[in-house]
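Everything below concerns the one structure shown next.
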Amino acid sequence: MDMDLKELLSQFKDDLKKISSLEDLEAVRLKYAGKKGVLAKFLEEIKTLSVEEKKEAGKKINEAKQEIQEKIAELQNSLAGAKSASAQDRFYKTLPGKKIAAGHLHIITQAIREIVEIFKPLGFVRVRHPEIDWEWFAFEALNIPATHPARDEWETFFVDSPPDEKYGRLVITPHTSNGQVREMLKNELPIRMLGISRCGRRQEDVSHLQTFFQFEGLAVDKGISITHLKGTLDYFAKNFFGPGREIRLRPHDFRFTEPSFEVDINCSLCLGKGCNFCKSGWVELGGAGMVHPNVLKAGGIDSKIYTGFAFGWGVERTYMMKSGTQIDDIRHLFNNDLRFLEQF
Ligand code: PHE
């Protein structure tokens with residue numbers, strides 16, 4: 001009997017080691033201390049013993065039973081405690097909630113929206129034209145025939161696809177001016193459009209991106225003159241760039257405008273002194289001019305009755321030249337480094 005009880009206790013201890021849940025523990029309790037458990041069987045067996053022996057054996061069995069019950073109670077407490085602690089980890093109702101970082105619109109999206117808002121009161125409506133288009137819209141219709149050297153300026157990516165008989169090859173639009181004739185062909189006059197799209201060109205450095213945005217303004221109506229163009233650009237510059245900034249028009253040559261200008265603004269980084277970004281104190285924002293009669297013709301508009309002006313600027317550069325942005329490399333805008341983006 002003695003030996004059996006010792007063995008029983010060591011077996012019991014082995015069983016305890018395997019326990020990982022309250023359910024396991026209950027099974028062990030039933031096995032040893034339950035009504036039909038091992039200890040109950042021992043008590044049954046001692047009935048046949050003499051009174052003296054019975055007393056002795058009964059005492060030992062009770063001691064073993066007590067030890068078993070104590071151990072079970074102990075383990076029960078610690079298992080129940082662990083369970084409620086892990087439940088607390090998951091739901092502790094007075095803990096402050098996890099803060100979810102709020103994002104914001106990309107700065108170029110913000111700039112595009114701001115540009116749209118500034119032009120709205122003048123009657124310019126935002127439109128979209130294809131970003132992959134036929135070279136006819138990007139060049140021919142803009143008075144730049146296939147072999148004209150002016151095409152080199154646009155460092156164009158061509159799409160490897162079969163050409164169209166009339167419209168030629170497909171290009172990644174190198175400027176938004178492809179939208180001019182597309183807009184005219186809608187046959188709704190007068191026109192006041194603001195086309196904003198992605199463009200592609202080969203260069204990339206501090207002031208150029210291979211993929212960038214342009215916004216293209218086009219106004220076609222009876223009696224549109226160069227003063228309307230100048231007034232529109234001044235109005236935009238005043239509203240967008242901030243006080244103390246100047247724009248200048250430089251004579252230039254675009255095949256699709258006559259006369260043509262390049263529009264510069266005094267650099268926001270050095271305020272005209274000359275720096276690594278601008279070199280000369282002025283930054284070119286883009287081109288502008290009076291729509292060439294051949295372009296109106298390609299768009300089905302009678303140039304004897306209608307005239308128009310157009311301008312096309314890069315969104316990224318325009319944004320960089322806004323007072324206070326202090327961005328000295330255009331490539332930062334699309335590196336997607338949150339440390340940079342979160343500043344705006
Ligand atoms: N499309 C020209 C460019 O990207 C800019 C421009 C637009 C010039 C409209 C004149 C009129 O360089």
Side-chain angles (χ1 to χ4, degrees), residues 115 119 124 126-131 133-144 148-157 171-184 191-204 207-221 224-226 228-233 236-237 247-265 282-299 301 303 306-319 321 330:
I115 292 166
F119 280 107
F124 286 84
R126 181 172 186 190
V127 292
R128 289 163 201 263
H129 297 111
E131 293 174 353
D133 206 353
W134 301 109
E135 64 181 319
W136 190 84
F137 288 101
F139 298 116
E140 254 98 339
L142 297 175
N143 202 27
I144 314 177
H148 199 284
R151 282 200 179 199
D152 288 354
E153 291 277 311
W154 278 275
E155 306 183 302
T156 310
F157 287 115
V171 297
I172 295 177
T173 50
H175 55 179
T176 42
S177 300
N178 65 312
Q180 291 190 16
V181 169
R182 280 195 172 272
E183 195 66 21
M184 292 175 194
I191 294 170
R192 269 184 192 64
M193 78 154 202
L194 187 66
I196 309 182
S197 296
R198 212 182 275 268
C199 303
R201 287 191 204 179
R202 195 177 52 84
Q203 270 193 73
E204 184 142 334
S207 55
H208 296 85
L209 286 167
Q210 292 200 340
T211 303
F212 57 99
F213 286 88
Q214 276 194 350
F215 59 104
E216 180 96 7
L218 174 69
V220 179
D221 204 344
I224 295 268
S225 73
I226 211 164
H228 295 120
L229 169 62
K230 184 95 183 9
T232 305
L233 298 183
F236 174 74
I247 59 166
R248 70 174 185 191
L249 300 184
R250 257 185 305 118
H252 194 72
D253 174 50
F254 291 111
R255 294 278 302 166
F256 37 95
T257 45
E258 182 58 39
S260 302
F261 310 100
E262 268 191 334
V263 186
D264 296 340
I265 183 155
W282 292 91
V283 180
E284 178 203 321
L285 291 170
M290 301 304 290
V291 181
H292 195 287
N294 286 355
V295 178
L296 291 170
K297 195 171 155 204
I301 294 172
S303 62
Y306 287 94
T307 50
F309 69 74
F311 56 89
W313 298 4
V315 174
E316 292 83 359
R317 280 198 200 178
T318 303
Y319 178 72
M321 285 302 114
I330 198 167

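Ligands are counted one by one from 1 in listed order, and the atoms in each one are counted from 1 as well.
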Checklist line | Lys/Arg-Asp/Glu bridge criterion (N-O < 4.0 Å) met for Arg151, Glu140 | finding: yes
Check: Salt bridge check: are Arg250 and Glu262 linked by an N-O gap of less than 4.0 Å?
Finding: yes
Once you restrict both partners to nitrogen or oxygen, which atoms of ligand 1 have a protein partner under 3.5 Å, and how far apart are they?
residue, atom, partner, partner atom, Å
ligand 1, 1 (N), His175, ND1, 2.9
ligand 1, 1 (N), Ser177, OG, 2.8
ligand 1, 4 (O), Arg201, NH2, 2.9
ligand 1, 4 (O), Gln214, NE2, 3.0

Check: Who are the side-chain contact (heavy atoms from CB on, under 4.5 Å) partners of Glu153, not counting sequence neighbours?
Finding: none
Please list every donor-acceptor pair under 3.5 Å in which a side-chain atom of residues 287-297 meets a protein atom from a residue at least two apart or in another chain.
residue, atom, partner, partner atom, Å
His292, ND1, Asn294, N, 3.0
Asn294, ND2, Asn143, OD1, 3.0

Check: Can you name the closest pair of heavy atoms from Pro130 and Asn178 and give their distance?
Finding: O-ND2, 3.1 Å
Notebook entry, point to check: ring pair (Phe, Tyr, Trp, His ring centres under 6.0 Å) with Trp154: which residues, sequence neighbours excluded?
Noted result: His175, Phe256
